[in-house]
Structures are given as C-alpha cells and as structure tokens.
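All residue numbers refer to positions in the sequence shown, counting from 1.
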Amino acid sequence: MDDPGLEKKWNTLLESLEPRFGDIDLQGIIFLIGIQELGQGYKKLKKDEKLEVMHIAICTLLESYGHYEFIGRDKDGWPHWKVNEGLPALKPLQQELLMKQAILDYFQNKV
C-alpha cells in the first residue's frame, strides 16, 4: 500500500476482528458489513443472495462518497440504492485502497 497510515489502520482492524471471525480478508469484511446492513440476523443464503449481500455492503460503503443514495427497503426488508455518480475507472489496487478506506470509515462511524 502507498499510504503507511492506511496500512497500519487496516492491520489494526484485522487484528480486532480476528478473535471473533478468525483470519478474515477484504471480501470477508465486505460480506460481514452486508449481513449487518441487511439486518436480518443469521439465515441460510443462496449463492445469488450472498452476492446481493456483498452489493449491500458496497453500496453502504460508497454511499458516503456520493456514489449511491439509499432509497429504501423492499417488502422483504432488503435495502436498495440508486446510483448517483458512477465510479471512476480504477485499477485493481486503487479499488482495493478505496474499499479499505471506506471500510475503515464505516467502522469508525458506524460501529
């Protein structure tokens, strides 16, 4: 990572999550955020629902950057967003850094 401060904060977050969730990576944290934001507790999810949970997390994380706007929940309680502004074209490492920063912001502001 280019930003040593971001890397340090990221590693601290991983260490804080390890006792409860074991060795967890970026995708695992995104999934956990999606489950939290879905707010329906433990339930068995189909493969497509797992992808939707990841989408919930990504929308939640990028909402504060102005990319998405929460529009409400459907009759089954699933949250939905509209796209405000498309994401700029980012290289994989830039996408990873954006998501890590958004996750750190999430844990600082919501947890």
Side-chain angles (χ1 to χ4, degrees):
M1 280 188 223
D2 293 343
D3 181 354
L6 178 65
E7 182 176 2
K8 183 177 180 188
K9 289 176 187 174
W10 180 254
N11 288 332
T12 299
L13 175 63
L14 291 179
E15 289 170 9
S16 73
L17 295 174
E18 187 175 3
R20 184 156 184 203
F21 300 107
D23 188 24
I24 192 164
D25 63 3
L26 178 66
Q27 296 298 318
I29 295 172
I30 290 172
F31 185 76
L32 288 174
I33 291 170
I35 292 292
Q36 175 68 27
E37 293 299 317
L38 178 58
Q40 295 183 0
Y42 176 80
K43 67 185 236 180
K44 189 146 178 89
L45 298 170
K46 299 175 197 163
K47 183 178 180 179
D48 62 323
E49 289 176 323
K50 290 177 182 177
L51 292 174
E52 290 175 25
V53 165
M54 302 277 288
H55 181 70
I56 289 169
I58 291 167
C59 291
T60 298
L61 292 168
L62 297 180
E63 183 178 19
S64 64
Y65 294 104
H67 297 291
Y68 293 94
E69 181 180 336
F70 180 71
I71 56 173
R73 292 183 178 265
D74 64 21
K75 65 179 175 60
D76 297 320
W78 286 71
H80 295 275
W81 288 261
K82 72 174 187 171
V83 176
N84 277 345
E85 62 179 66
L87 285 170
L90 299 173
K91 294 179 181 177
L93 180 59
Q94 293 170 317
Q95 289 177 9
E96 181 180 327
L97 292 174
L98 173 64
M99 293 310 298
K100 285 181 176 180
Q101 184 59 59
I103 289 168
L104 290 169
D105 292 345
Y106 176 87
F107 276 90
Q108 182 178 355
N109 298 323
K110 291 213 176 189
V111 178

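Between Leu14 and Ile29, the closest side-chain pair of non-hydrogen atoms falls below 4.5 Å. The side-chain heavy atoms of Phe107 and Lys9, taken from C-beta on, include no pair separated by under 4.5 Å. Between Lys82 and Asn84, the closest side-chain pair of non-hydrogen atoms falls below 4.5 Å. Side-chain atoms of Tyr65 and Asp105, non-hydrogen and from C-beta on, do get closer than 4.5 Å to each other. With contacts defined as side-chain heavy-atom distances shorter than 4.5 Å, the pair Trp81/Ile56 qualifies. The side-chain heavy atoms of Trp10 and Leu26, taken from C-beta on, include a pair separated by under 4.5 Å.
Taken together through direct or relayed side-chain contacts under 4.5 Å among Ile, Leu, Val, Met, Phe, Trp and Tyr, Leu93 and Leu61 form part of one hydrophobic cluster. Phe70 is connected to Val53 through a chain of hydrophobic side-chain contacts under 4.5 Å among Ile, Leu, Val, Met, Phe, Trp and Tyr, so both are in one cluster.
When the shell of 6.0 Å around NZ of Lys43 is examined, it contains more than 12 heavy atoms from other residues, nucleotides or ligands. Dense packing is recorded around CD of Glu52, with more than 12 heavy atoms of other residues, nucleotides or ligands lying under 6.0 Å away. Under a cut-off of 6.0 angstrom, the local environment of CG in Asp74 is crowded, with over 12 non-hydrogen atoms contributed by other residues, nucleotides or ligands.
A donor-acceptor distance shorter than 3.5 angstrom exists from the side chain of Gln95 to the backbone of Leu90, with no hydrogens or angles considered.
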